[in-house]
Number of protein chains: 2
Amino acid sequence: MPQFLPEQLEDIRSVFSDFLKKKNLRQTPERFKVFDEVYASDDHFDADELFVRLKAKEINVSRATVYNSLELLMECNLVVRHQFGNKQAKYERSFRYWQHDHLICEDCNEIHEFCDPRIQAIQEMVSEIFEFEITHHSLQMFGHCRRDNCPNRH
Amino acid sequence: MPQFLPEQLEDIRSVFSDFLKKKNLRQTPERFKVFDEVYASDDHFDADELFVRLKAKEINVSRATVYNSLELLMECNLVVRHQFGNKQAKYERSFRYWQHDHLICEDCNEIHEFCDPRIQAIQEMVSEIFEFEITHHSLQMFGHCRRDNCPNRH
DNA sequence: TTACCTGCAAACTATTTGCAGTACT
DNA sequence: AGTACTGCAAATAGTTTGCAGGTAA
């Protein structure tokens, strides 16, 4: 996932800001601290990781507020949540980074991203056959990477 | 998913039985009660649902044993577990019913199954590109069905 | 000023674990 | 007979909720 330039970040920040305004929600510093931390990271993280990262920077935002803010960021499509099979949800920023799926090594939990247009085609076909309006999908492939230093290597 | 004939069921039951024997695990009545209930149902259920179904038939098996037995049934490929985004896992029987994916209505939670060979092709390509040995995948499509009586219809 | 928001801790939900007694093999 | 298994209840993990202040608008 690419890193954003400062001015792009400013634009994305205002997407969040506008969303809050439109919904008559408050622009609290905590919400923007969560936003900043999310958009400073370019990986997949869980809610607690985000909480810890903030704490490490001596930014004190409660866990409850982290969850609340992630929820809002998901509502305005700046964050997506994934359920990779473990019990805790993983999040990632998603501004202009819609369609991609995940490949996960079950030995070292490394996550790779891929994108294949055939998935879109399958989606359209399934949509037609079942007469569904499909809004999104979730595809993960699991297996074993072949890195030499992968722990518990298969 | 098809229902099984009594003699097929007997064969599948012996797959479980043989598995337990090979692993030096005990053939307890509780384990077979769980097996029977799983193979009597042709839908997607969670652990608690199975527990309740057994209870309704006055078959008393503890929740802990339900989880334990489902784990064993997964080990011998008679059951698969799915994480559909909600926090509780869904299970379904999987004897000779390997490759299929799921389409889920977010309004009524109805689950449909589909199968598309292109997914296999994508899997092979991803496997090659990332040098992974892919063991399995998990694909769900989410959306809105168009049934008239779908609650909270979109 | 006035709700909405935050932080805290308690509640909750799904699942796992520890332990004493039970029952396969 | 011996040890794995069961049921129960308590522990755990991730997330949500209730409530008493705090604060954006």
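All heavy atoms count here, side chains included; hydrogens, waters and symmetry mates do not. Throughout, protein chains are lettered first and strands after them, A, B, ... in sequence-line order, and every chain is numbered starting at 1.
In this structure, A/Phe51 atom CZ and D/dG14 atom C1' are separated by 14 Å, rounded to whole Å. D/dT16 atom C1' lies 14 Å from atom CG of A/Asp48, rounded to whole Å. For the pair A/Tyr91 OH and D/dG14 P, the computed distance is 12 Å after rounding to whole Å.
Within residues 19-36 of chain A, the residues having any heavy atom under 4.0 Å from DNA chain C are, by residue number, A/Leu25, A/Arg26, A/Thr28, A/Glu30, A/Arg31. Non-hydrogen atoms lying under 4.0 Å from DNA chain C are contributed by B/Ala64, B/Tyr67, all within residues 53-77 of chain B.
Among residues two or more places apart in sequence or in another chain, the salt bridge (Lys or Arg N to Asp or Glu O under 4.0 Å) test is passed with B/Arg63 by B/Asp48. In this structure, the ring-ring contact (aromatic ring centres under 6.0 Å, His included) partners of A/Phe142, at least two apart in sequence or on a different chain, are B/His136. In this structure, the ring-ring contact (aromatic ring centres under 6.0 Å, His included) partners of B/Phe130, at least two apart in sequence or on a different chain, are A/His112. Residues satisfying the ring-ring contact (aromatic ring centres under 6.0 Å, His included) criterion with B/His137, sequence neighbours excluded, are absent altogether. With sequence neighbours excluded, the residues forming a salt bridge (Lys or Arg N to Asp or Glu O under 4.0 Å) with B/Glu110 are B/Arg147, listed by chain and number. With sequence neighbours excluded, no residue satisfies salt bridge (Lys or Arg N to Asp or Glu O under 4.0 Å) with B/Asp101. Contacts of B/Arg146 classified as salt bridge (Lys or Arg N to Asp or Glu O under 4.0 Å), with partners at least two apart in sequence or in another chain: none.
Side chains of A/Asp42 and A/Gln3: no donor on one and acceptor on the other come within 3.5 Å.
Summary for the helix from C/dT1-D/dA25 to C/dT25-D/dA1: the axes at its two ends, each from 5 pairs, differ by 30° when rounded to the nearest 10 degrees.
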In a table with atom names and distances, give each donor-acceptor pair under 3.5 Å that connects a side chain of residues 68-83 of chain B to protein atoms at least two apart or in another chain.
from	atom 1	to	atom 2	distance (Å)
B/Ser69	OG	B/Thr65	O	2.8
B/Glu75	OE1	B/Lys23	NZ	3.1
B/His82	NE2	B/Glu92	OE2	2.7
B/Gln83	NE2	B/Lys87	O	3.1

What donor-acceptor contacts under 3.5 angstrom involve side-chain atoms of residues 14-22 of chain B, with partners at least two apart or in another chain?
from	atom 1	to	atom 2	distance (Å)
B/Ser14	OG	B/Asp11	O	2.7
B/Ser17	OG	B/Gln27	OE1	3.4
B/Ser17	OG	B/Gln27	NE2	3.1

